[in-house]
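Convention: sequence-line order gives letters A, B, ...; per-chain numbering from 1.
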Number of protein chains: 2
Amino acid sequence: MITSPKKLSYMEVANGIKVMSDPTRLLILKLVESKEYCVCQLVEMFDISQPAMSQHLGKLKKEGLLKERRRGQWRFYSIDESSSQISLIRVILSQIDDEDEQFLKLLEKEAPIDCQ
Amino acid sequence: MITSPKKLSYMEVANGIKVMSDPTRLLILKLVESKEYCVCQLVEMFDISQPAMSQHLGKLKKEGLLKERRRGQWRFYSIDESSSQISLIRVILSQIDDEDEQFLKLLEKEAPIDCQ
DNA sequence: ATTTTATATAAAATAATGTTTATATAATCA
DNA sequence: TGATTATATAAACATTATTTTATATAAAAT
């Protein structure tokens with residue numbers, strides 16, 4: 001039996017889209033939707049300071065949108081599939097053009113870093 | 001022939017959800033999704049100052065989410081069906097539980113005001 | 001014409017957010 | 001063990017958003 005996703009309160013939606021509305025965080029989510037990324041990779045790709053990236057990831061994790069996997073000194077982030085807001089995340093990300101120029105530029109910057 | 005909605009750039013999505021992420025504005029949108037409301041009705045229902053309401057409506061209109069109809073001294077606002085972001089608006093509002101307690105409370109406060 | 005009513009706008013005050021700078025933690029490496 | 005690397009956290013600072021207060025506009029009523 002397939003259960004339809006539980007509807008959210010308006011405050012849950014407000015909080016969810018608020019944390020997603022920062023341009024950097026929205027792109028992070030669009031990236032980690034398809035696979036996990038290491039913090040060091042994200043810092044490289046976004047050309048942003050390490051603490052700034054850490055703050056963004058912390059907010060997304062606190063809101064329950066991302067999950068974290070630790071391996072050695074590295075931390076990998078990806079969409080938390082079990083999030084109560086997973087449906088909200090998906091429908092919003094699906095509104096973004098996959099050919100969006102800046103998103104493609106970001107993908108090009110993805111370098112094979114030795115954090116695997 | 002049915003054309004699928006144009007995909008948005010990530011910045012269009014970021015700006016759209018940012019303006020929707022304020023709790024008051026999200027509820028305004030949820031209300032005006034089904035019918036138009038006069039400013040004076042909204043001020044009553046939200047128990048907020050008139051200038052504050054006007055600022056919220058101004059932001060939603062500026063972002064292209066709402067349209068305005070003038071009749072005499074009154075202004076009525078409703079969802080702009082022709083907005084490039086109409087699909088984004090709809091999928092987000094559809095995530096909100098129609099039985100959300102605070103949304104229902106708001107509907108109860110809807111008084112027949114003589115602005116019709 | 002003057003006053004009232006509905007709404008918007010501008011400026012000031014307040015609150016929230018994001019970035020930087022500095023420091024802490026914890027794992028790995030030499 | 002001590003140094004290095006990856007990341008997080010905290011505090012200070014800068015930026016942005018929201019609310020309030022005051023004023024402007026424009027339609028309707030007197």
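Shown here are the side chain to side chain donor-acceptor pair (under 3.5 Å) partners of A:E81, two or more places apart in sequence or in another chain: A:R90. Partners of A:Y10 according to the side chain to side chain donor-acceptor pair (under 3.5 Å) rule, which considers only residues two or more places apart in sequence or in another chain, do not exist here. By the side chain to side chain donor-acceptor pair (under 3.5 Å) test, B:S21 is found to be paired with no residue, residues two or more places apart in sequence or in another chain being considered. The side-chain contact (heavy atoms from CB on, under 4.5 Å) search around B:K62 returns none, not counting sequence neighbours. A search for salt bridge (charged side-chain N to carboxylate O under 4.0 Å, His left out) contacts involving B:K61 returns B:E68, not counting sequence neighbours. Considering only residues two or more places apart in sequence or on other chains, A:E108 meets the side-chain contact (heavy atoms from CB on, under 4.5 Å) condition with none of them.
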Seminar exercise, completed: Contact string for nucleotides 5-15 of chain C, one letter per nucleotide 5' to 3', B = base within protein heavy-atom range under 4.0 Å, S = sugar-phosphate only, - = neither, reads BSBBBBB----

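A heavy atom closer than 4.0 Å to some atom of DNA chain C occurs in no member of residues 11-36 of chain B.
The shortest distance between the side-chain N/O atoms of A:H56 and the OP1/OP2 oxygens of C:dT19 is below 4.0 Å. In this structure, B:S49 does not reach the D:dT19 phosphate: none of its side-chain N or O atoms is under 4.0 Å from OP1 or OP2.
The side-chain tip of B:K105 does not point at the ring of B:F103 from less than 6.0 angstrom away and within 45° of straight on.
Each end of the helix from C:dA1-D:dT30 to C:dA30-D:dT1 gets its own rotation axis from five pairs of C1' atoms, and the angle between them is 10° to the nearest 10 degrees.
If you measure from atom CZ of B:F46 to atom P of D:dT18, you get 15 Å, rounded to the nearest angstrom. Rounding to whole angstrom units, NZ of residue A:K62 and C1' of D:dA10 are separated by 14 Å.
At the heavy-atom level, A:K59 lies under 4.0 Å from the strands shown only through sugar-phosphate atoms.
Hydrophobic clustering, defined by side-chain heavy atoms of Ile, Leu, Val, Met, Phe, Trp and Tyr closer than 4.5 Å, groups B:F76 together with B:W74.
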Between side-chain atoms of residues 46-53 of chain A and protein atoms elsewhere (two or more places apart, or another chain), which donor-acceptor pairs fall under 3.5 Å?
| from | atom 1 | to | atom 2 | distance (Å) |
| --- | --- | --- | --- | --- |
| A:S49 | OG | A:A52 | N | 3.2 |

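Between B:E63 and B:Q85, the side chains place a donor N or O and an acceptor N or O closer than 3.5 Å (distance only, hydrogens not considered).
Within the structure, the salt bridge (charged side-chain N to carboxylate O under 4.0 Å, His left out) test picks out the following pairs touching residues 22-31 of chain A (sequence neighbours left out): A:K30-A:D98.
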